[in-house]
Amino acid sequence: MKSFEIGSLILRVYLGLAFFIHGFAKFQGGVENTAGWFESMGIPGFMAYMVTAIEIVGGLLLIAGLGTRYITPLFFIIMIVVILKVKLSEGFSAYELDITYAAIALFLFLNSKSSFSLDAKLTNKKAA
């Protein structure tokens, strides 16, 4: 069971870091630019601010293992929208990484209980 939890930890930290980096890049490049790009695809511009916040805050929380069960569905939805709205017409090689991120998010949602997380530490304190 330990190797499963170590594997889950690696996936959780990797996915959290990947989303944090993507969100931070949007922030550094100016979220208003991302908002304009969203609008050009028919997505409301305010969603760029929401996605950026989810990626930055959610990425950090996921790295720490806090709120995994709540953050991963948001990451999954973001990836599905990216695939359908942005990359689907470009062929599989354009969105294979996005499918991988979505699959990792789904895996972590289904297996969110890990002893290597803040969620586990907080749950154990409440139980004691």
Side-chain angles (χ1 to χ4, degrees):
M1 195 60 136
K2 278 275 199 225
S3 61
F4 177 81
E5 289 191 7
I6 291 170
S8 294
L9 169 69
I10 292 167
L11 290 174
R12 194 185 77 232
V13 170
Y14 173 75
L15 189 66
L17 187 60
F19 271 90
F20 173 78
I21 290 169
H22 281 95
F24 192 70
K26 286 178 184 73
F27 181 75
Q28 276 188 312
V31 182
E32 61 279 352
N33 294 329
T34 304
W37 181 61
F38 274 34
E39 289 173 353
S40 75
M41 292 183 298
I43 300 171
F46 75 89
M47 294 297 292
Y49 295 91
M50 291 177 61
V51 168
T52 300
I54 290 168
E55 289 178 344
I56 291 173
V57 175
L60 290 173
L61 290 173
L62 197 60
I63 290 168
L66 192 59
T68 300
R69 191 148 187 92
Y70 305 104
I71 296 163
T72 52
L74 298 174
F75 286 174
F76 181 82
I77 291 167
I78 289 170
M79 289 295 89
I80 296 304
V81 171
V82 165
I83 292 166
L84 296 176
K85 280 298 241 182
V86 181
K87 297 186 177 179
L88 191 61
S89 64
E90 298 175 26
F92 181 74
S93 63
Y95 58 85
E96 63 184 316
L97 183 60
D98 303 305
I99 289 175
T100 303
Y101 287 167
I104 293 171
L106 184 59
F107 171 83
L108 292 172
F109 173 75
L110 295 172
N111 299 286
S112 61
K113 298 192 186 227
S114 170
S115 59
F116 301 122
S117 69
L118 285 179
D119 282 336
K121 304 300 180 225
L122 295 172
T123 304
N124 287 341
K125 284 186 179 182
K126 288 180 183 177

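- Under a hydrophobic-cluster definition in which Ile, Leu, Val, Met, Phe, Trp and Tyr are linked whenever side-chain heavy atoms come within less than 4.5 Å, directly or via other members, Leu74 and Met47 are assigned to the same cluster.
- Ring geometry, Tyr101 versus Tyr14: the interplanar angle falls from 30° to 60°, so the pair is classed tilted.
- Grouping the Ile, Leu, Val, Met, Phe, Trp and Tyr side chains by contacts below 4.5 angstrom, directly or via other members, places Leu97 with Leu108.
- Each of Leu62, Ile71, Ile63, Ile104 was evaluated against Arg12; a single residue qualifies, Leu62, per the side-chain contact (heavy atoms from CB on, under 4.5 Å) test.
- Two different hydrophobic clusters hold Leu88 and Val81 under the rule that ILVMFWY side chains link at heavy-atom gaps under 4.5 Å.
- Minimum interatomic distance between Phe20 and Ile56 (heavy atoms only, all atoms of both residues): CD1-O, 3.6 Å.
- In plain terms, the two heavy atoms of Ile80 and Ala102 that are nearest each other are CD1-CB, 4.4 Å.
- Nearest approach of Gly45 to Ala35, heavy atoms of both residues: O-CB, 3.4 Å.
- Relative orientation of the Tyr95 and Phe92 rings is perpendicular, given thresholds of 30° and 60° on the angle between their planes.
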* Passes side-chain contact (heavy atoms from CB on, under 4.5 Å), Val86 versus Phe38? Steps please. -> CA-CA 10 Å; Val86 181; Phe38 274 34; over 6 Å; no
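- One distance of note links CZ of Phe76 with CZ of Phe107; it measures 14.5 Å at 0.5 Å rounding.
- Applying the side-chain hydrogen bond (donor to acceptor under 3.5 Å, both in side chains) definition to pairs two or more places apart or across chains, those involving residues 76-94 are Lys87-Asp98.
- To the nearest 0.5 angstrom, Ile54 atom CD1 is 5.5 Å from Met50 atom CE.
- Considering CE of Met79 and CG of Leu15, their distance stands at 8.5 Å, rounded to 0.5 Å.
- Taking every heavy atom of both residues into account, Ile78 and Glu55 meet most closely at CG2-OE2, 4.2 Å.
- Hydrophobic clustering, with ILVMFWY side chains joined whenever heavy atoms are under 4.5 angstrom apart, keeps Ile83 apart from Met41.
- Here Asn111 contributes atom CG and Phe4 contributes atom CZ; the two are 4.0 Å apart, rounded to the nearest 0.5 Å.
- Distance CD/Gln28 to OG1/Thr52: 12.0 Å, rounded to 0.5 Å.
- A chain of hydrophobic side-chain contacts below 4.5 Å, direct or via other Ile, Leu, Val, Met, Phe, Trp or Tyr residues, connects Ile99 to Leu110.
- Evaluation of the side-chain hydrogen bond (donor to acceptor under 3.5 Å, both in side chains) test over residues 66-79, restricted to residues two or more places apart or in two chains, returns none.
- Note: Phe19 CZ to Leu61 CG = 13.5 Å, rounded to the nearest 0.5 Å.
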